[in-house]
Amino acid sequence: MTDYLWFKSYDEGVPRSLAPYSDQTLIDDVDEAERERPAATMMIFKGRNISFREANRASDALAAALADQGVRKGDRVALIMPNTPNIIISQFAVWKAGAVAVPVNPLFSDSEMIYALTECDAKVAIVLTTFYQKIKNVQSSTSLRCIIATNVKDFLSPMVRLIFTLFMEKKGGHRAKVAAGDLSLTALISRYAASARPPVRVSGDDDGLILFSGGTTGVPKGVVLTHGAIRMNGLQIRAWFGKMLTRWQDTTLLMMPFFHVYGNVILMSTCVVGRHPMALVPNPRDFKDLFETIRKVKPSFFPGIATLFNGLLNHPDVRAGKVDFRSMKMCAAAAMPLLPELKKNFEEITGGKIVEAYGLTESGVLAMGPVFGLWKEGAVGLPTPDTIIRIVDIATGTKDMPTGEDGEIIARAPHLMKGYWRRPEATAEMLRDGWLYTGDVGHLDEDGYLFITSRKKELIKPSGHQVFPGEVEDVIMQHPACLEVAVAGVPDPYQVEAVKAWLVLRPDAQVTAEELQEHCRKTLASYKVPKFIEFRDDLPKSMVGKVLRRVLQEEEAGKRKTSG
């Protein structure tokens, strides 16, 4: 094995490679866990513990039901739910039927939802009742022939379920009347409880997930990840944190959404292969629920994004010492390098460690900060086991740059995506000779630490989400008052990077920033709506008339520097 720069910076005991790789999938891990400790907790939700046995049996029954509904190997099944036991059981059921799970953001606008369901050609969707009517409204514009409804109370304890039914279900919009022809998840599990799992062999090479990401064109693409790639993410992180987390005991607080690679591929797989109970939080913005879960569960591993940790540190309850974080051995922050003050303060209130993490939808995790080793400000960590990072020249993508010099970050690893769903040209652009061209620009230092300095693509990442300028620009231009628009990312203390729009209005036209934001909300998910809007007389352009977003960003930086 080549002696890469970063190996010398690995914590003691972290392997350089996890080879030889097995053909095992997460389905096999859950089967093994049930055989080893059937009553051990797999999930914790609203005070209820769900064992490996219960989850495995429920997903077996649902898999049999899906097979009876005509779901076959390779078919796509959409999952439209937040983080609840419903989505995990459904995802394993989809896998056991041999199908591909497609978690979709339930907060998508109607047009975004139609695009996602049509793009993956899903014939079946499993939907939380809160979003059932939303999916019914767009069903005729998709290929969906069957909708399976599931209620958040389906996996609550009897007492909590009763309280929820009496006082919260209707008020919270969870009570949905299921139309004729649609099905109930709990009814299916009950009806097929005695049925055998479908006789479908699922291997590491089979497609397991399609997650939606963007591409250089700004059109959302379905990223296809195999079962082997999904499991490899879990094995890598388990190896990285091996000395910190105890199997079967240490609980992970899982609040990153399952439609995102962080929650689904990186964290859920880590919990399954490491046998760590998952404490599920449906809404990461609901700090009251988050704090209550922390009080009851006392999690050992708390993954999130830097903006979340910053928000927690500034919350009145945390400042007043009303939330006890001392159970947390490990925290991981993605989407940006850690600031020294944030790292120092969070490690003080937890008594544990917090490290950076870097990855893409197309790969899962690629680099992490060492738990015990040297921390370097501005770095996103070291390449994880079996991950090779190169820095190549931006112009050709073939020439390796000297240590310390910037270039495009490319990666080779056993857990890269298989490709973009039905988009061979986009796949060929991103994957070249086994290397993933990330579009991020940065460098490796002499100790193998990875630093990201800018983005080759113009992707905006508010709070870790992905927003393409062209998509937002197209929506704004549909407003009759707009003549020209440019959208780009600008620094923001809360979101790290926020969406900003610069507009030129038509002569004599009038519109307020608030009116334009409301216009965008009708079509775009909330995180894509511009946080800042600036009206201008003109926009900077190149000699051929192309709007120069970079100039606008540089002007913004200059204004902030002056005002600061």
Side-chain angles (χ1 to χ4, degrees), residues 105 107-112 115-116 212-221 260 305 307 335-336 360-361 426 438-441 452-506 509-561 563:
N105 186 347
L107 300 182
F108 270 172
S109 67
D110 286 357
S111 59
E112 290 170 320
Y115 174 85
F212 283 98
S213 175
T216 53
T217 63
V219 178
K221 300 176 182 66
H260 195 282
I305 59 176
T307 51
M336 65 173 289
L360 290 79
T361 307
T438 68
D440 288 327
V441 175
I452 298 175
T453 53
S454 64
R455 293 192 179 94
K456 181 182 173 185
K457 304 172 188 174
E458 295 175 312
L459 183 69
I460 309 169
K461 290 190 173 181
S463 298
H465 293 291
Q466 295 188 346
V467 180
F468 279 86
E471 183 182 13
V472 184
E473 289 168 353
D474 287 345
V475 172
I476 293 176
M477 284 302 296
Q478 293 171 18
H479 195 286
C482 295
L483 177 64
E484 290 183 317
V485 64
V487 170
V490 297
D492 183 72
Y494 180 70
Q495 292 183 301
V496 181
E497 191 175 34
V499 180
K500 178 168 180 175
W502 292 262
L503 283 90
V504 177
L505 298 181
R506 295 184 182 279
Q510 291 186 339
V511 66
T512 66
E514 292 75 18
E515 288 170 341
L516 281 170
Q517 288 167 330
E518 186 58 34
H519 166 76
C520 290
R521 288 190 188 98
K522 295 176 182 177
T523 307
L524 298 171
S526 59
Y527 60 83
K528 299 179 183 179
V529 175
K531 184 174 182 178
F532 305 108
I533 292 178
E534 179 180 329
F535 296 97
R536 298 170 56 108
D537 293 329
D538 56 34
L539 298 176
K541 297 183 178 69
S542 69
M543 293 181 65
V544 295
K546 182 179 179 181
V547 174
L548 299 173
R549 296 191 184 105
R550 180 62 61 189
V551 172
L552 292 167
Q553 289 175 306
E554 290 170 354
E555 290 177 2
E556 178 79 6
K559 286 190 293 186
R560 292 181 180 225
K561 185 176 181 180
S563 63

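Values reported hereafter were calculated over all heavy atoms of this structure, with side chains retained and with hydrogens, waters and symmetry mates removed. These figures come from a predicted structure and were not determined experimentally.
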### Query
Checking side chain to side chain contact (heavy atoms under 4.5 Å, CB included) for the pair Phe535/Val511: CA distance, chi angles, key distance, verdict?
CA-CA 10 Å; Phe535 296 97; Val511 66; 4.1 Å; yes

Contacts of type side chain to side chain donor-acceptor pair (under 3.5 Å), residue [X], not counting sequence neighbours:
X	answer
Thr523	none
Glu554	none
Glu112	Ser109, Lys528
Arg521	Glu518

When the side chains of residues 474-488 are checked against the rest of the protein, which donor-acceptor pairs come out under 3.5 Å, sequence neighbours left out?
{"residue": "His479", "atom": "ND1", "partner": "Ala481", "partner atom": "N", "Å": "3.1"}
{"residue": "Glu484", "atom": "OE1", "partner": "Lys541", "partner atom": "NZ", "Å": "3.1"}
{"residue": "Glu484", "atom": "OE2", "partner": "Lys541", "partner atom": "NZ", "Å": "3.0"}

### Task
May I ask you to decide if Ile460's main-chain N or O and Glu497's side chain share a donor-acceptor pair within less than 3.5 Å?
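Between the backbone of Ile460 and the side chain of Glu497 there is no qualifying donor-acceptor contact (under 3.5 Å).
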
#### Entry: All salt bridge (charged side-chain N to carboxylate O under 4.0 Å, His left out) counterparts of Lys522, not counting sequence neighbours
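Lys522 satisfies salt bridge (charged side-chain N to carboxylate O under 4.0 Å, His left out) with no residue once adjacent residues are dropped.
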
### Task
List for me each residue that meets ring-ring contact (aromatic ring centres under 6.0 Å, His included) alongside Tyr115, sequence neighbours excluded, and say none if there are none.
none

Tell me every residue that passes side chain to side chain contact (heavy atoms under 4.5 Å, CB included) with [X], counting only those two or more places apart in sequence or in another chain.
X	answer
Ala498	Val490, Asp492, Gln495, Lys531, Phe532
Glu555	Arg536, Val551, Leu552
Glu514	Thr512, Gln517

In Å and rounded to the nearest 0.5 Å, what is the [atom1] to [atom2] distance from [X] to [Y]?
X	Y	atom1	atom2	value
Tyr527	Leu107	OH	CG	9.0 Å
Leu539	Leu503	CG	CG	8.0 Å
Gln553	Lys500	CD	NZ	10.5 Å

### Query
Can you name the closest pair of heavy atoms from Ala513 and Ile533 and give their distance?
O-CD1, 3.6 Å

### Query
If you take all heavy atoms of Ile305 and Ser463, which pair is closest and at what distance?
CD1-O, 3.1 Å

### Message
My understanding is that only one of Val467, Val499, Leu516 makes a side chain to side chain contact (heavy atoms under 4.5 Å, CB included) with Pro530; could you say which?
### Response
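For Pro530, the side chain to side chain contact (heavy atoms under 4.5 Å, CB included) test succeeds with only one of Val467, Val499, Leu516, which is Val499.
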
